[in-house]
Amino acid sequence: MMIERKRSVKDIFLIMILCVLTVIFLIPMFLVLMNSFKSRLFVSTQPFSFPNAQTFVGFENYIDAVTDKTFMHAFWYTSLFTVVSILAINIFAFAIAFALTQEIKGANIFRTVFFMPNLIGGIVLGYIWSMIFDGFLGYYQTSILMDKEWGFWGLIILTCWQQIGYMMIIYIAGLQAIPNELIEAARID
């Protein structure tokens, strides 16, 4: 009796979760996918009316995006940003995590200090770093918002500063889960 009751409660929660997932995620995703194959007029000449002109254009929207130089430039910059930031975050986070698992004095304080930027919101971080970089770049008569090279590397530094502490905690947990016998065997080898 008790097992059947637990199973029915589990099924009810599973059905609720699937309904919420369908309404919030699957249906909007399907509608966006279907609209991506249509040409839609978003500006109407009639006041207070939503334009409803839709025509099926197939893959024309995707072809236009891929052949647009601005889109491709943004795509490659985003790809470069992703690769560089992921590599930098993981390399620095692992190095810091490895150093902080070596039983140095004050390691917990350093862990806290490195994790703190992760608690600050992205908008606040962006504003603070924009002021810091502009103060530094003022000597060169430029701004981080005016030079794409400085802006790119500034964004990499900002992202690394915020995310290294989080990844450091994950690496510390992984390094501490390694049995001491395995570490001693590796040292002997």
Side-chain angles (χ1 to χ4, degrees), residues 7-94 115 117-134 137 142-171 173-174:
R7 185 174 299 163
S8 67
V9 170
K10 181 177 76 171
D11 291 342
I12 290 171
F13 279 110
L14 184 61
I15 290 170
M16 288 175 23
I17 289 172
L18 288 175
C19 289
V20 169
L21 177 73
T22 301
V23 170
I24 292 178
F25 182 71
L26 295 177
I27 292 174
M29 185 177 74
F30 177 75
L31 292 174
V32 166
L33 182 66
M34 294 310 296
N35 282 335
S36 72
F37 293 108
K38 297 177 183 176
S39 175
R40 185 174 182 128
L41 180 64
F42 285 103
V43 179
S44 175
T45 57
Q46 302 293 326
F48 304 110
S49 68
F50 187 75
N52 210 7
Q54 295 183 7
T55 56
F56 183 78
V57 293
F59 287 99
E60 186 178 322
N61 291 334
Y62 293 100
I63 293 169
D64 289 344
V66 172
T67 57
D68 183 21
K69 290 181 181 180
T70 306
F71 174 81
M72 292 308 293
H73 180 74
F75 175 78
W76 288 116
Y77 248 93
T78 303
S79 300
L80 181 65
F81 168 79
T82 303
V83 170
V84 170
S85 64
I86 286 175
L87 286 174
I89 289 169
N90 284 292
I91 289 170
F92 288 124
F94 184 77
F115 187 74
N118 195 37
L119 302 175
I120 302 172
I123 294 172
V124 174
L125 280 177
Y127 186 69
I128 290 170
W129 277 92
S130 176
M131 290 189 314
I132 291 171
F133 284 128
D134 284 342
L137 294 174
T142 187
S143 171
I144 194 159
L145 302 174
M146 297 175 73
D147 187 358
K148 67 179 181 180
E149 292 296 323
W150 284 105
F152 177 78
W153 290 108
L155 192 58
I156 293 286
I157 292 169
L158 169 68
T159 305
C160 288
W161 186 68
Q162 184 181 25
Q163 296 299 318
I164 283 174
Y166 179 75
M167 290 304 296
M168 174 201 67
I169 296 295
I170 292 174
Y171 283 129

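In what follows, residues are counted from 1 in the order of the sequence shown.
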Atom pair [atom1] ([X]) and [atom2] ([Y]), whose distance is rounded to the nearest 0.5 Å:
X: I128; Y: I123; atom1: CD1; atom2: CD1; answer: 12.0 Å
X: M16; Y: L21; atom1: CE; atom2: CG; answer: 13.5 Å
X: Y77; Y: L155; atom1: OH; atom2: CG; answer: 11.5 Å
X: L18; Y: F13; atom1: CG; atom2: CZ; answer: 13.5 Å
X: K10; Y: L14; atom1: NZ; atom2: CG; answer: 8.0 Å
X: Q162; Y: T159; atom1: CD; atom2: OG1; answer: 7.5 Å

Exam field: side chain N61 to backbone K38, donor-acceptor pair closer than 3.5 Å: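 The answer is yes, because a donor-acceptor pair under 3.5 Å joins these two groups.
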Check: Y127 main-chain N/O paired with S130 side-chain donor or acceptor under 3.5 Å: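 Pair absent, no side-chain N/O of S130 close to backbone of Y127.
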Test side-chain contact (heavy atoms from CB on, under 4.5 Å) applied to F75 and V66, step by step: CA-CA 9 Å; F75 175 78; V66 172; over 6 Å; no
Pair up each side-chain donor or acceptor in residues 84-92 with any protein partner under 3.5 Å, not counting sequence neighbours, and list the distances.
| unit_1 | atom_1 | unit_2 | atom_2 | d |
| --- | --- | --- | --- | --- |
| S85 | OG | F81 | O | 2.8 |
| S85 | OG | T82 | O | 3.3 |
| N90 | OD1 | Y171 | OH | 2.8 |
| N90 | ND2 | I86 | O | 2.8 |

Smallest separation among heavy atoms of F71 and A65, with atom names: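 It is CD2-O, 2.8 Å.
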Where A93 and I164 come nearest, the two heavy atoms and their spacing: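 What the structure gives for the nearest pair is CB-O, 3.6 Å.
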Mutual orientation of the aromatic rings belonging to W129 and F133 [parallel < 30°, tilted 30-60°, perpendicular > 60°]: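 Because their plane-to-plane angle lies in the 30° to 60° range, the rings of W129 and F133 count as tilted.
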Full working for side-chain contact (heavy atoms from CB on, under 4.5 Å) between K148 and F152: CA-CA 6 Å; K148 67 179 181 180; F152 177 78; over 6 Å; no
Evaluation steps, side-chain contact (heavy atoms from CB on, under 4.5 Å), between L26 and M29: CA-CA 5 Å; L26 295 177; M29 185 177 74; 4.3 Å; yes
Heavy-atom side-chain proximity of I63 to T67 below 4.5 angstrom: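 Counting from C-beta outward, I63 and T67 do come under 4.5 Å.
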Residues F115, I169; criterion side-chain contact (heavy atoms from CB on, under 4.5 Å); working and verdict: CA-CA 8 Å; F115 187 74; I169 296 295; 3.7 Å; yes
